[in-house]
Amino acid sequence: MSGNSAFLLVSERGWRRGLGSMLKSELSRWWKTRMWWVQCLIWVGIIDFLLSAVLFSTPDTPPSEEVAVLFLIFAGLFPSVGVVIIMQGVVVGEKKSGTAAWALSKPITRPAFLLSKVIANSLGVLATMVIVPSIVAYILTVIATDTPWNLPRFLAALGVVFLSHFFFLSLTLMLGTFFSGRGPVIGIALALLFLQQNLIGWFPILGTVLPWKLVLPLGEQLDAVAPCLLTGSHNYSPLLIVVIALESLLFILVGLLRFSREEF
Amino acid sequence: MNLSTPFVIETHALSKTYKNIQALRSLDLKVRQNSIFGFLGPNGAGKTTTIKLMLGLIRSSAGSATVFGMDTVKQSVEIRARVGYLPQEPHFYEYMTARQTLRFVASCFFKGPKKAIEERIDEMLEMVDLTSKADRPIKTFSGGERQRLGIAQAQVNYPDLLILDEPAASLDPLGRRDVLEVMSRLRKYTTIFYSTHILDDVQKVSDTVVILDKGALVAQGPIEELLAGSEGVVYIIHLRGEVETARKQVLAQPWVSGIIDGQHNGEIAWQVSVSDTLSAENQLLKLLVNCPVVVTEFRRKQYELEDVFMQVIEGDQNVRK
């Protein structure tokens, strides 16, 4: 490069080249636009409104265990739909609009491009769909019941809720690398989200590889991981956490491989 | 620029096939450093495909290409670190402003100092006349403003090679003129490889031209050579009077290859092809003056790039029919 002797050149090398720039750009999409507060508003509105209805609509406060299960259902199921909706355009949208081709014409590697989206969106989802609504929920339960949830258990349960969202985040991202239209991406991800209960009903073995039982109980059984963690029960399989985490990482890996072959 | 000037871009039998469509056929291209290289061709000729191959955005089906001597497949990121690129239809992140877009691009190349980066960004915004709109979101920009931002972002990193895909396509005449001026100014520092279908622009600024058609190279060379035409030197003469006598006199000269007859505003219009330019310059007009004719126009035929382009493309289509 000529005429740039005053500048310090970027020192990232290998697959990390461009990760800093892309990550900054992706984070600014979340935090320097109205996206973060709109998402906070939506999920506080949905999760905490429903929880308030449970806590304050009857004179007798429901048992703490029941409140915990209901909160985790609200926090685990609805935001996953939001994750799929947000993520369905992250790769496909950029492929279609031409911004991916433009960004990749700069010294940005494809792994850096894709991983910046994983990291920035994970942080966005964690903050706006998990942490903020959960803080509000915690305060609501303290007001309603005077007996706060055990904080370490509550945080552990939230970690599992986030893992459930991360599963759908990485799945949707991977699907975006395979398809050029949004339809199949959102269709497959939402179909899996809503049909997994039926699939596990038909083939119980699938309960060990699908994220449903991370957060959501199956029928009357209280054996989902997050509610058990929150209520102090040990009636859950910790292996499911490992399996879902590995599956999520596998989705990202497959997405990276597919994206490395993408033509723009 | 001379023959010892190194090549910045070299392609060897570079080909690209999309399913059953051959977008690029065995392209051999050499672009010298500090040249302004015009890449011409009708829509679908393979211009954008070639550019994308050079940037590693797509993979070749056969052949190879190097930029700065580096392989476009294996060293794509290193190449892009020295290139500025303007896509045919520039698309940027809509949530960013023009200034943020330039900051993002600059951050891909430079990590500091912040003050120098901001100064460079201001300089680029000024260059494309977007200073007053620098902090407006891009989603409010018109096509021309996006194009100008595209030109700015392509240069923010002081590229050694500037690749511009239809840089003047969405610009008004003043904008086009400015782009051409910028290109001429940058010639000292960088190599410019640009595709266009605006032949007038190419003729104004390019020193080397390649014409592609249906994925194949159909003409390549310095602009002066292409403008000289394939018919050799031709004189245009308009005259009236005893034309036949003059014709016999002219055709009798050993350096005259032939005369093509025509009409122009009721006069006879000749196109006289000559094999010896010096003899023609010294003797042709004198010959006619001594004949019983009145010469109303006498000039050497100047080819426009458009003539050459049409000849080449139409000739190529005829060959393939």
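Residue numbers begin at 1 in each chain, while the letters A, B, ... track the order of the sequences. Being a predicted model, the structure only gives us computed values, none of them experimental.
If you measure heavy-atom distances from Met22(A) to chain B, the contacts under 4.5 Å come from both the backbone and the side chain. Residue Phe68(B) does not touch chain A at all, counting heavy-atom pairs closer than 4.5 Å. Heavy atoms closer than 4.5 Å to chain A are found nowhere in Lys188(B), neither backbone nor side chain. Contact annotation for Ile117(B): both backbone and side-chain heavy atoms come within less than 4.5 Å of a heavy atom of chain A.
Scanning all heavy atoms of the two residues, the minimum distance from Phe110(B) to Val10(A) falls at N-CG2, 3.6 Å. Pro107(A) approaches Val77(B) most closely through the heavy-atom pair CB-O, 3.9 Å. For Gly56(B) against Arg110(A), the heavy-atom pair with the smallest separation is O-NH2, 3.3 Å. Minimum interatomic distance between Ser25(A) and Met96(B) (heavy atoms only, all atoms of both residues): OG-CE, 3.5 Å. Ile108(A) and Arg80(B) get closest at one heavy-atom pair: O-NH1, 3.1 Å.
Counting non-hydrogen atoms of other residues, nucleotides and ligands closer than 6.0 Å to CZ of Phe49(A) gives a total of 12 or fewer. For CH2 of Trp31(A), the number of neighbouring non-hydrogen atoms (other residues, nucleotides, ligands) closer than 6.0 Å is greater than 12. Counting heavy atoms of neighbouring residues, nucleotides and ligands inside a 6.0 Å radius, atom CZ of Arg59(B) exceeds 12 of them. In the displayed structure, Glu89(B) atom CD is contacted under 6.0 Å by at most 12 heavy atoms of other residues, nucleotides or ligands.
The aromatic rings of Trp102(A) and Tyr93(B) sit perpendicular to each other, their planes meeting at more than 60°, with 30° as the lower class boundary.
Annotation: the span from Arg103(B) atom CZ to Lys24(A) atom NZ amounts to 8.0 Å, rounded to 0.5 Å. Here Tyr95(B) contributes atom OH and Met35(A) contributes atom CE; the two are 10.0 Å apart, rounded to the nearest 0.5 Å. Distance check: Ser105(A) OG to Ile51(B) CD1 gives 11.0 Å after rounding to the nearest 0.5 Å.
Put simply, the side chain of Phe7(A) reaches to within 4.5 Å of the side chain of Arg120(B), judged on heavy atoms.
Of the possible donor and acceptor atoms, one in the side chain of Arg17(A) sits under 3.5 Å from a partner among the backbone N and O of Cys108(B). Not one N or O on the side chain of Ser21(A) forms a donor-acceptor pair closer than 3.5 Å with the backbone of Phe104(B). Under a 3.5 Å cut-off, the side chain of His91(B) and the backbone N or O of Ser97(A) do form a donor-acceptor pair.
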I would like to know whether Ser28(A) and Gln100(B) meet side-chain contact (heavy atoms from CB on, under 4.5 Å); could you show each step before the answer?
CA-CA 10 Å; Ser28(A) 71; Gln100(B) 287 167 340; over 6 Å; no

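At a heavy-atom separation below 4.5 angstrom, chain A is approached by Gln153(B) within residues 136-156 of chain B. Heavy-atom neighbours of chain B within the stretch residues 247-264 of chain A, taken at a separation under 4.5 angstrom, comprise Ser260(A), Arg261(A), Glu262(A), Glu263(A), Phe264(A).
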